[in-house]
Protein chains: 2
Amino acid sequence: MQLGKRKESILAATVDMYIRTGEPVGSKTIEKMLNNTVSSATIRNDMAELSAMGYLEQPHTSAGRIPTAAAFRLYIDHLMNRRNLSEKVCRNIDGLLKSVADDPERLIDEASQALAESTGFAAVTTTPSGQSAEVKKIEVIPISPRAAVLFLVTSCGLIRTKVCRFDQEIGSQALEILAKVLNEYFCGGLLADIGLPQVQSMVASLGEYGLACVPALTAFYQLVQETAESEVLLKGQLNLLKHPDYDPVRAGKLIDFLTRGETLADLLSAIPKGLNVVFGSECKRPELDGTSLIVSQYNTGGRPDGYIGIIGPLRMDYAAAIPLIEYFATSIGKILDEMMGINSDGSEK
Amino acid sequence: MQLGKRKESILAATVDMYIRTGEPVGSKTIEKMLNNTVSSATIRNDMAELSAMGYLEQPHTSAGRIPTAAAFRLYIDHLMNRRNLSEKVCRNIDGLLKSVADDPERLIDEASQALAESTGFAAVTTTPSGQSAEVKKIEVIPISPRAAVLFLVTSCGLIRTKVCRFDQEIGSQALEILAKVLNEYFCGGLLADIGLPQVQSMVASLGEYGLACVPALTAFYQLVQETAESEVLLKGQLNLLKHPDYDPVRAGKLIDFLTRGETLADLLSAIPKGLNVVFGSECKRPELDGTSLIVSQYNTGGRPDGYIGIIGPLRMDYAAAIPLIEYFATSIGKILDEMMGINSDGSEK
DNA sequence: TTTTAGCACTCTTTAAGCCCGAGTGCTAAC
DNA sequence: GTTAGCACTCGGGCTTAAAGAGTGCTAAAA
């Protein structure tokens, strides 16, 4: 569907202005934006056609026009001028991310926070999925006669611990054997490959200590599950409240919806690789109507892993936000890869 | 300052009703609440006097009356009827807390969440201060030729880890010695007693490994600091938005204020032991005007430790909330004590 | 055929005016 | 000291009027 040069500039100008002000845009405003190269009457005619084509709509007869979701889509895909990040911004981001480059979870956390702050919207991220990570090291550390801590490190640098209590006193010898056997069986293997049957089979391998170690094996299995689960992180929800596009009630409903992590996770999992803009109106969720999700996957080891993006009203500054998110996504990917490199062979870069 | 029986019941009824509806209360309403034992005219006279005494105020001439902060103070201290917790509620709380009784941080986290949910306000808590905790166990676990994880367990069951990177490859022997020496020096001692000088002096004690271990010692010191710091936790901020007493702008400002953890920590630190109700108007913070803080310290080992409480508008159901918070505080104290007991000698209860 | 100027028309927003009701304070009687 | 009665006050809600912004259409110009 071709629009013609002039209609395109009119549509682009309309979207630009609407993004800036949030109010219906009239023909006179556009006339000024195009430096009076065409008269408002011509623009009115074109706008009428754009309305008929489904790109613009009027809240009421005597108001200006508002871009539809279709207009935003076209704007994002073809019409807008991406504003590339300034040197300074890039350096700030690099500095921030480098400073937390030893803990994958903190990395994501800080990136999320920074994204929320710099865009003024809510940021959504997921931690690297443990699925593709390998078990790097398991330790069992006694902390009292009847309790021990299980300790797990993955190839991507994730460190997790879990307390495990025993029914009766357990000797340090049993725990040593347990650690040894667990490492022998699972080290170097994928986290995702550790299932209940594998763990259960350990009881036999532990010989005389098998029965006493059952609580530890249960805890180990739970720990693996917890570690493999990728977590959804939401930051800056409160920013949404400050936005004039959301009245408090809608913002509240939206935040409620986002806070239920599973639903958000579902939403993300349906998103293809690379950078995507998803409009709420395209999902079936009524709470998401009028909101938009700009999200990109970050890669680790050349494969798509987690997500990072922002959630806000349809009317966001896409031209600035999209390059920003892309930069975050590639930076995170790079840093995670470096971390994995360091962790696996100790060589820097 | 004596009020007399009747004025007291009138004031109590006014506060009760205002808490329930949030609207100015008129003399006829009070008449009904007192079962027509006195006429509305008499009540009007008394209310006029209560206004003169500073307990009630009128938004405008032709409206009912609203209790002042002084009235709330009197209500909380003398007038209200505490509503004790039902058996069922107690059991629910006990069940919830027991289920997370192996991790002090999760315990506080869950308690906070539950308190926020059941009151419908924001809950504020602080984790047990590591200050009074002892070092229970230190481990150093190599995870790559150039990196290791420091692992710290305290007497109150807190488990913390920190990654430490070395400039050059470090042998497992050096790490073993490091762990041994750290344990010898610090195990059983108070976390609060570990200062920079103590850690620095370790370089000498490590002999030939001293220099290589400097990054680990730095990380250890940081880890101790992080562990000793008691953290402020805020849950259910969004509940405040839903409350009709807060317009969105004020709620936003309040939440912003609360989210800056330090200021909240300052506020808490000025609170005496036991249960307290602090009115925002009593602090100098303009953001807190019209809000109230019900908070109690919980004890561990017989001494006041952290805080748990709720933040909401002046108009809260104190009669229900106060017993609830007290119950949470004593339960948390008990469970933390038990945890410390289990962790130190392995005996249950 | 396309663009532009002009104008009547539509529809929201804002302000002003008005009435209604809730609640008070006062007075006089009990 | 308590109560009934009544005039008075003041905010909330409703209606009406005016102002303003923007459109769509028509007819003329390019």
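Per chain, numbering begins at 1; letters A, B, ... match sequence-line order.
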Any B:Gln58 side-chain N or O less than 4.0 Å from OP1/OP2 of C:dG25: yes

Of the listed C:dT4, D:dT2, D:dG24, the closest approach to the B:Arg6 side chain comes from D:dT2

Which of these nucleotides, D:dT2, D:dG24, C:dG25, is closest to any side-chain atom of B:Ala48? C:dG25

Mind checking side-chain contact (heavy atoms from CB on, under 4.5 Å) for [X] and listing every partner two or more places apart, or none if nothing turns up?
X        : value
A:Gln113 : A:Glu117, A:Lys235
A:Ser51  : A:Leu56, A:Arg65
B:Lys32  : none

Looking at B:Lys253 and B:Asp289, does any basic side-chain N land under 4.0 Å from a carboxylate oxygen? no

Contact check, residues 12-43 of chain B vs DNA chain D, heavy-atom distance under 4.0 Å, returns B:Val38, B:Ser39, B:Ala41, B:Thr42

On a plain distance test, is the side chain of B:Arg65 in donor-acceptor contact with the base of C:dG25 below 3.5 Å? no

Spacing between [X] atom [atom1] and [N] atom [atom2], to the nearest angstrom:
X       : N      : atom1 : atom2 : value
B:Glu49 : D:dT2  : CD    : C1'   : 13 Å
A:Arg44 : C:dG6  : CZ    : P     : 12 Å
B:Leu56 : C:dG25 : CG    : C1'   : 16 Å
B:Asn45 : C:dT27 : CG    : P     : 12 Å

Over 12 foreign heavy atoms within 6.0 Å of CG, B:Asn81: no

Is any side-chain heavy atom of A:Leu275 less than 4.5 Å from a side-chain heavy atom of A:Gln297? no

Between A:Ser292 and A:Tyr318, a side-chain donor and acceptor under 3.5 Å: yes

Could you check A:Ser112 against A:Thr125 for side-chain hydrogen bond (donor to acceptor under 3.5 Å, both in side chains), going step by step and ending with a plain yes or no? CA-CA 6 Å; A:Ser112 199; A:Thr125 40; 3.1 Å; yes

Hey, what are the protein-to-nucleotides 8-12 of chain D N/O distances that come in under 3.5 Å?
unit_1	atom_1	unit_2	atom_2	d
D:dC10	O2	B:Ser62	OG	3.1

State which residues pass ring-ring contact (aromatic ring centres under 6.0 Å, His included) with A:Tyr307; sequence neighbours excluded, sorted by chain then number. none

